[in-house]
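Step one of this worksheet: look at the structure below.
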Amino acid sequence: MNYSEFHLRCYALLEKIPKGKVTTYAEIAKALNSKAYRAVGTAMAKNDQLIKRPCHRVIRSDGDIGQYALGTDKKIELLLQEGIEIEHGKVVNLSRFMYYFSSERSGN
DNA sequence: CATCTGACACAGA
DNA sequence: GTCTGTGCCAGAT
């Protein structure tokens with residue numbers, strides 16, 4: 001699809017997210033050693049492989065569901081099916097479902 | 001090369 | 001707790 005390296009990296013991390021867990025755009029950016037959480041969201045939007053890349057498991061840092069190609073409502077439903085607890089359009093106890101990549105921590 | 005936009009994040013009111 | 005404004009990075013024009 002001629003995706004940029006940055007986008008490909010985001011997708012790679014997406015596949016690392018286990019079912020029943022979620023992560024934030026900022027976390028992905030940090031995992032890439034960058035602060036481009038904005039660009040991360042852009043990568044999700046550019047992703048047409050919604051099935052291959054479960055971008056619906058990526059939410060906001062505030063616990064808000066955020067946006068989704070098929071609509072926030074659909075995203076919430078998917079997360080609920082994964083076992084994520086959502087209320088008022090936001091994840092309940094995010095820390096409980098939050099998934100940290102923590103790829104490297106000692107060296108790079 | 002300059003400028004605007006976007007599936008965001010943080011600070012202030 | 002909610003709303004508004006500014007900062008952020010990478011991509012597109």
Side-chain angles (χ1 to χ4, degrees):
Chain A
M1 265 306 175
N2 301 326
Y3 286 118
S4 300
E5 292 299 308
F6 199 88
H7 288 195
L8 292 174
R9 287 209 189 194
C10 295
Y11 302 147
L13 290 174
L14 278 174
E15 295 188 88
K16 291 161 64 87
I17 306 175
K19 183 182 175 189
K21 285 279 193 174
V22 295
T23 193
T24 67
Y25 300 96
E27 186 59 32
I28 295 179
K30 290 198 296 190
L32 298 176
N33 263 291
S34 289
K35 302 185 306 179
Y37 28 76
R38 302 294 303 275
V40 174
T42 308
M44 305 294 101
K46 290 269 192 169
N47 173 32
D48 22 20
Q49 297 291 321
L50 300 179
I51 312 301
K52 191 176 173 67
R53 325 289 182 178
C55 42
H56 65 266
R57 288 178 190 160
V58 187
I59 62 174
R60 280 203 179 201
S61 300
D62 286 72
D64 198 90
I65 302 302
Q67 283 301 312
Y68 189 56
L70 306 183
T72 36
D73 187 65
K74 186 69 179 179
K75 188 170 181 177
I76 293 174
E77 268 197 42
L78 288 169
L79 291 174
L80 288 172
Q81 290 176 43
E82 299 259 321
I84 309 298
E85 216 171 321
I86 302 176
E87 233 171 273
H88 310 299
K90 299 187 186 70
V91 176
V92 181
N93 218 342
L94 175 59
S95 356
R96 190 168 60 165
F97 305 103
M98 187 60 184
Y99 173 75
Y100 300 94
F101 299 97
S102 306
S103 326
E104 78 298 329
R105 190 59 90 152
S106 3
N108 158 276

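The analysis underlying the following values was restricted to heavy atoms, covering all of them including side chains, and did not include hydrogens, waters or symmetry mates.
Rounded to an integer number of Å, the gap from Ile76(A) CD1 to dA7(B) C1' is 13 Å. In this structure, Asn47(A) places its CG atom 16 Å from C1' of dG6(B), rounding to the nearest Å. For Met44(A) and dC9(C), the CE to C1' distance is 14 Å, given to the nearest whole Å. Rounded to whole angstrom, the span from the CG atom of Leu14(A) across to the P atom of dA7(B) amounts to 16 Å. Atoms CZ (Phe6(A)) and P (dC8(C)) sit 16 Å apart, rounded to a whole Å. The OH-P distance, from Tyr11(A) to dA7(B), rounds to 13 Å in whole Å. Rounded to an integer number of Å, the gap from OH of Tyr3(A) to C1' of dA10(C) is 16 Å. The separation between Lys30(A) atom NZ and dC8(C) atom P is 17 Å, rounded to whole Å.
With distances taken from any side-chain atom of Leu50(A) to the nucleotides dG11(C), dA7(B), dA10(C), the minimum falls on dA7(B).
Here Ser4(A) reaches the OP1 or OP2 of dG11(C): one of its side-chain N or O atoms lies under 4.0 Å away. Side-chain nitrogen and oxygen atoms of Lys35(A) include none within less than 4.0 Å of the OP1 or OP2 phosphate oxygen of dA10(C).
Few gaps surround CZ on Arg57(A); more than 12 heavy atoms of other groups in view lie less than 6.0 Å from it. Heavy-atom neighbours of Glu15(A) CD from other residues, nucleotides or ligands within 6.0 Å: above the threshold of 12.
Side-chain contact between Glu82(A) and Val22(A): absent, with no pair of heavy atoms (C-beta onward) separated by less than 4.5 Å. Residues Gln67(A) and Thr72(A) have side chains in contact (heavy-atom distance under 4.5 Å, counting atoms from C-beta outward). With contacts defined as side-chain heavy-atom distances shorter than 4.5 Å, the pair Phe101(A)/Ile17(A) qualifies. Within the 4.5 Å cutoff, no side-chain heavy atoms of Thr42(A) are placed close to those of Phe6(A).
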Between the protein and nucleotides 1-3 of chain B, list every N/O to N/O distance that falls short of 3.5 Å.
none

Write down the protein N/O and nucleotide N/O pairs, taken from nucleotides 8-13 of chain B, whose separation is under 3.5 Å; answer none if there are no such pairs.
{"unit_1": "dC8(B)", "atom_1": "OP1", "unit_2": "Arg60(A)", "atom_2": "NE", "d": "3.2"}
{"unit_1": "dC8(B)", "atom_1": "OP1", "unit_2": "Arg60(A)", "atom_2": "NH2", "d": "3.3"}
{"unit_1": "dC8(B)", "atom_1": "N1", "unit_2": "Arg38(A)", "atom_2": "NE", "d": "3.4"}
{"unit_1": "dC8(B)", "atom_1": "N3", "unit_2": "Arg38(A)", "atom_2": "NE", "d": "3.3"}
{"unit_1": "dC8(B)", "atom_1": "N3", "unit_2": "Arg38(A)", "atom_2": "NH1", "d": "2.8"}
{"unit_1": "dC8(B)", "atom_1": "N4", "unit_2": "Arg38(A)", "atom_2": "NH1", "d": "2.8"}
{"unit_1": "dC8(B)", "atom_1": "N4", "unit_2": "Arg38(A)", "atom_2": "NH2", "d": "3.3"}
{"unit_1": "dA9(B)", "atom_1": "OP1", "unit_2": "Ser61(A)", "atom_2": "N", "d": "3.0"}
{"unit_1": "dA9(B)", "atom_1": "OP1", "unit_2": "Ser61(A)", "atom_2": "OG", "d": "2.4"}
{"unit_1": "dA9(B)", "atom_1": "OP2", "unit_2": "Ser61(A)", "atom_2": "N", "d": "3.2"}

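Shown here for Phe97(A) and Gly20(A), the closest heavy-atom pair between the two residues is CD2-O, 3.8 Å.
Linking Ile, Leu, Val, Met, Phe, Trp and Tyr whenever their side-chain heavy atoms come within less than 4.5 Å puts Val40(A) and Tyr3(A) in one cluster.
Note: Tyr11(A) and His7(A) have perpendicular aromatic rings, judged against thresholds of 30 and 60 degrees for the angle between ring planes.
With DNA chain C read from its 5' end, the first of the two nearest nucleotides for Lys90(A) and Lys46(A) is the one closest to Lys90(A).
At the heavy-atom level, Ala39(A) lies under 4.0 Å from base atoms of the strands shown.
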